[in-house]
There are 2 protein chains.
Amino acid sequence: MAVSEDRIDAVREFNRFYTKHVGALNEGLLKSPFSLTEMRILYELHTANELMAADLAKSLSLDPAYLSRILKRFKSAGLIETLRSVTDRRQRVLTLTEEGRRVFAPYIKASRDEVAAVLDALSEAEQTKLLTAMQAILSTLDGARQKATPVIIRAHRPGDIGWVIHRHGSLYASEYGFDDSFEALVAKVAGEFLEKFDPAFEHCWIAERNGGILGSVFLVKKDKTTAQLRLLYVEPSARGLSVGRNLVNECIAFARQKKYKTLTLWTNSILHAAIHLYEDAGFKLVNEEPHHSFGQDLIGQTWDLTL
Amino acid sequence: MAVSEDRIDAVREFNRFYTKHVGALNEGLLKSPFSLTEMRILYELHTANELMAADLAKSLSLDPAYLSRILKRFKSAGLIETLRSVTDRRQRVLTLTEEGRRVFAPYIKASRDEVAAVLDALSEAEQTKLLTAMQAILSTLDGARQKATPVIIRAHRPGDIGWVIHRHGSLYASEYGFDDSFEALVAKVAGEFLEKFDPAFEHCWIAERNGGILGSVFLVKKDKTTAQLRLLYVEPSARGLSVGRNLVNECIAFARQKKYKTLTLWTNSILHAAIHLYEDAGFKLVNEEPHHSFGQDLIGQTWDLTL
DNA sequence: TAAATTAATGGACTAAGTCAAGTAAATTAA
DNA sequence: TTAATTTACTTGACTTAGTCCATTAATTTA
C-alpha cells in the first residue's frame, strides 16, 4: 500500500465535506412523512420500475427484515404493489402504484429544487467545473459505469495536442525517469504536426472515454511512399482495453488507404508494451542503435511495416 | 431558476452514488464501539483540539440534547475533558484526553486504510484525476476553503509545458475561436523553450494551488539586453486571485536581476485582461499591426518595459 | 435426493435521534 | 441598574430507525 498520506487525507476531507453537504441538502426533505431510507427506497422503485426486495436490500445496504417492514407499510398505504415472481416464486416483484408515484412526485421535485438552488448560486463556468468533476469521480470510482461507456477514437481537436505533450512529459518522467528534453522533443514533433498538418496524407487519432483522453497516435508523411507512426501513448489507467492496438490499427488502415508503401516508426527498446503491439501488427525491426537522450542510456529502434 | 434539468439530475445522481460510496466505506468502521455520529464528534475534537458543544452541534447538525448525552458518556469513559469556559461560564470547552486520543487512533487508522484501499486500486493517473476532481468540487461548493489555500508560484516540471500548451489550445479555441494553428504556435514556442532552456537567463513560472495549475508565464532571452515575456495565461477559474499580476511581477523581477535592459512582449488587442496587466506593470505600447492568424482577424501589439 | 443456499418475513430487541421543558449565565432593552 | 430576552447546555419522556435471530418456503448445488 504505497498511497501517499496526503492523498488519503485529501480524500477523507472530501468525504467529510460531502457527507455534510448532502446531509444539509437532505435536511430540506426532513419535513416529509418519509425517512431518508424510505425516500431512497421509493427513489429506487421510481427509477427502476421493477425491483425485487433483495436487489433493493443489496443496493441500499439495508437489513432485509427492516426493508420488509417498510415495504409492508408502503403496500398497506397503497404506494406499491407486490407480485410473486413467476421465475422464482420466493421473490416478490415490487412496483410503484400510480398513487405511489403521485405521492412521491413532490418530494422528487423538492429534492430537485434544492439541487437547483445550489447550482443557481454558481456561475456557468463553476457549474461546468462542478459537473465535470463529478463525472470524473463517477467514472473513476464506479467500475461498472466505466466498463459500460465505450472508448471512442476520433480526430484531434484544439487542446488535444497539448494534452498529448503533457501526458508524454509526465508519464515518461515518472515511469522511465526521462528528463525535460523528452517533453521538448514531443512538443516539437507535435507542434510541427499541427503546423504543417496535411489532412489528405496525415492524421491524428485520440482515444477517449467520457471526455477523458486515454491515448493517442499520429501518422505523418515522411516522403511520397513512406508514412511515419509517431507519439503512440496509452494512459496507464486504460491498459488492457486494447486502446493501443486499436490506435495502431487505425494508423495502418489509413496508411494503406492513402497508398503509402511503408509505415515506419522509431521507438526505444525499453517500451516493451508498445513494441509488443508493433510486432503483433506485423512491423519488423530494421535498425537498432544506442543513444544517450532524455537523461538516459537507451537503445533506439526503427521498425517498418510493408503495406 | 434557469438551471438545466440535465445538470440537476447529474448532480443528484452523483449525490446518490457518493452517499452509497461513503456508506460503504463507513461500513468497515461499523464494528467499532462508536456510532457514526460519535465518530464524527471524536473526529472534530481530534482535529480542532478545543471546541464548544454548540460549535459541534452546529457543524454536525446535531440535536443539542443528543450531543449532550453523547458527551456525557464520553466524559464518564474518560475520553474527553470538559472545562467551564472563562469567557462565558455557560459554555464548556471540550478537549480529547490522552486516553481519548489513544482509543480513537485505531479508528482513524482504519478509516485511512479503507480510503487507501480504494486509492490503491487506481492507477496513478486515475488517482490524480480523482483528487483534482475532489479539489474542484471542494473549491466550488466551499467558498471559504477556496480563499484559504494559497496559490504558489514555482518553476516548471515535466508535464507542465504540455499542460500549458493544452490549456492555451482549449481556452483560446473556446473563448476566442482560435483554430489549431494557435496551439501549433504555442507548442513550437514552448517546445523551443524547453529545448534550448538556459536557466541562467530564462525561466518558466507555474502558478498552482492544491496541485492544480492556475497559470503560467515564460521569460526567454531574445538578445544580450532584451528578454521576452511569453505565454502568459490564467485559468478562468482563477480570475480575481492576482495570479496574472504575480506572474508578471516574477518575470520583471527576474529580468531585472539578470541585468536585461528591456522586457518585451507580443500580444493581441483582444486580450484585454492581459493587456491591462501589462499596462499596470509599466509596459508601453511600441507597435501595433493587423494580421490574420489562428483563423481570426487580429491586431498584434508589441509592448516594451524599460527595466 | 439430501444438504445448502437464498428470499422474504415476524418477534424481540437496542441504538439513535427528537421534542418539550428547565436551569444558569450572558446579552439587550428599558 | 433591573427586567426581559437570548443562549448554552441539560434532563426526562418519548419515537423512530435499525439489528439480530429464527423460521418458512422455494431454489440450487452436491
Side-chain angles (χ1 to χ4, degrees), chain A residues 19-20 22-24 26-45 48 50-77 80-95, chain B residues 19-20 22-24 26-45 48 50-77 80-95:
Chain A
T19 301
K20 280 186 199 171
V22 171
N26 290 333
E27 206 104 310
L29 305 177
L30 222 87
K31 42 189 183 277
S32 87
F34 301 115
S35 75
L36 232 151
T37 307
E38 289 171 326
M39 284 286 198
R40 295 174 74 198
I41 293 167
L42 287 171
Y43 190 85
E44 294 282 324
L45 288 169
E50 283 207 352
L51 224 46
M52 310 298 165
D55 305 333
L56 259 179
K58 213 198 291 174
S59 80
L60 300 179
S61 319
L62 295 175
D63 180 291
Y66 180 38
L67 176 61
S68 171
R69 262 179 282 258
I70 292 177
L71 292 175
K72 194 172 163 193
R73 235 182 308 130
F74 282 174
K75 192 178 177 184
S76 71
I80 62 168
E81 256 178 351
T82 63
L83 273 162
R84 273 235 136 68
S85 160
V86 278
T87 55
D88 183 340
R89 292 184 312 140
R90 293 170 306 178
Q91 297 184 316
R92 296 175 158 277
V93 182
L94 310 169
T95 41
Chain B
T19 303
K20 280 186 199 171
V22 171
N26 290 333
E27 206 104 310
L29 305 176
L30 221 88
K31 42 191 184 275
S32 88
F34 301 115
S35 76
L36 233 151
T37 306
E38 288 172 327
M39 284 286 196
R40 294 175 75 198
I41 293 167
L42 287 171
Y43 189 85
E44 294 282 325
L45 288 170
E50 282 208 352
L51 224 47
M52 310 297 165
D55 305 334
L56 215 43
K58 213 198 292 173
S59 82
L60 300 179
S61 321
L62 294 175
D63 181 295
Y66 181 38
L67 176 60
S68 172
R69 260 180 283 258
I70 292 177
L71 293 175
K72 194 172 163 192
R73 236 182 305 130
F74 282 174
K75 192 177 178 184
S76 70
I80 62 168
E81 256 177 351
T82 63
L83 274 162
R84 274 234 136 70
S85 160
V86 278
T87 55
D88 183 341
R89 292 185 313 139
R90 292 169 308 178
Q91 296 185 315
R92 297 175 157 275
V93 182
L94 310 170
T95 41

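Each chain gets a letter, A, B and so on, in the order the sequences are listed, and its residues count up from 1. Note that the coordinates shown come from a computational prediction; the quantities given were computed from them, not determined experimentally.
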Determine whether any donor atom in the side chain of A:R90 lies under 3.5 Å from an acceptor atom in the base of D:dT23, or the reverse, and answer yes or no. no
Test for a donor-acceptor pair under 3.5 Å between the base of D:dG12 and the side chain of B:R69, counting only N and O atoms. yes
Rounded to whole Å, the CG-C1' distance (A:L67 to C:dT9) equals 11 Å
How many Å lie between CD1 on B:I70 and P on D:dT11, as a whole number? 14 Å
Closest non-hydrogen atom pair, B:R90 against B:D88: NH2-OD2, 2.7 Å
Should A:T37 be listed as having a side-chain N or O under 4.0 Å from OP1 or OP2 of D:dG18? yes
What nucleotide, of D:dA26, D:dC21, C:dA8, holds the atom closest to the side chain of A:D88? D:dA26
Between A:L62 and A:R89, just flag the one whose closest nucleotide in DNA chain D comes earlier from the 5' side. A:L62
Taken to the nearest 0.5 Å, the spacing of A:F74 CZ from A:F34 CZ works out to 5.5 Å
Spacing of A:Y66 atom OH relative to C:dT14 atom C1', expressed in whole Å: 14 Å
Using a cut-off of less than 4.0 Å, is there contact between a side-chain N or O of B:R92 and OP1 or OP2 of D:dT10? yes
Mind checking whether A:L94 and A:L56 have side chains closer than 4.5 Å, heavy atoms only? yes
With side chains defined as the heavy atoms from C-beta onward, is the minimum distance between B:L36 and B:R40 less than 4.5 Å? yes
Can you tell me how far P of C:dA16 sits from CD of B:E38, to the nearest Å? 6 Å
Is any side-chain heavy atom of A:R92 closer than 4.5 Å to one of A:R84? yes
Any heavy-atom pair between the side chains of B:I41 and B:L62 that's under 4.5 Å? yes
Could you tell me how far apart B:L83 (CG) and D:dC9 (C1') are, to the nearest whole angstrom? 16 Å
Take the protein atom CZ of A:R73 and the nucleotide atom C1' of D:dG18, then report the distance between them rounded to whole Å. 11 Å
Give the angle between the helix axes at the two ends of the helix from C:dT1-D:dA30 to C:dA30-D:dT1, taking five base pairs at each end and rounding to 10°. 40°
Between atom CG in A:L71 and atom P in D:dG18, what is the gap in whole Å? 14 Å
Counting just side-chain N and O atoms, does B:S35 come under 4.0 Å of either OP1 or OP2 of C:dA16? yes
Counting the atoms with a prime plus P, OP1 and OP2 as sugar-phosphate, which does B:A53 contact under 4.0 Å by heavy atoms, base, sugar-phosphate, or nothing? sugar-phosphate
Quick one: are A:E81 and A:V93 in side-chain contact, heavy atoms under 4.5 Å? no
Base, sugar-phosphate alone, or nothing: which one does B:A57 contact when heavy atoms must sit under 4.0 Å apart? nothing
If every non-hydrogen atom of B:L71 is compared with every non-hydrogen atom of B:A53, which pair is closest and at what distance? CD1-CB, 4.0 Å
Could you tell me how far apart A:M52 (CE) and D:dA25 (C1') are, to the nearest whole angstrom? 17 Å
For B:K72 and D:dT11, is the shortest distance between a side-chain N/O and OP1 or OP2 below 4.0 Å? yes
Closest to the side chain of B:D63, out of D:dC20, C:dA26, C:dC19, is C:dC19
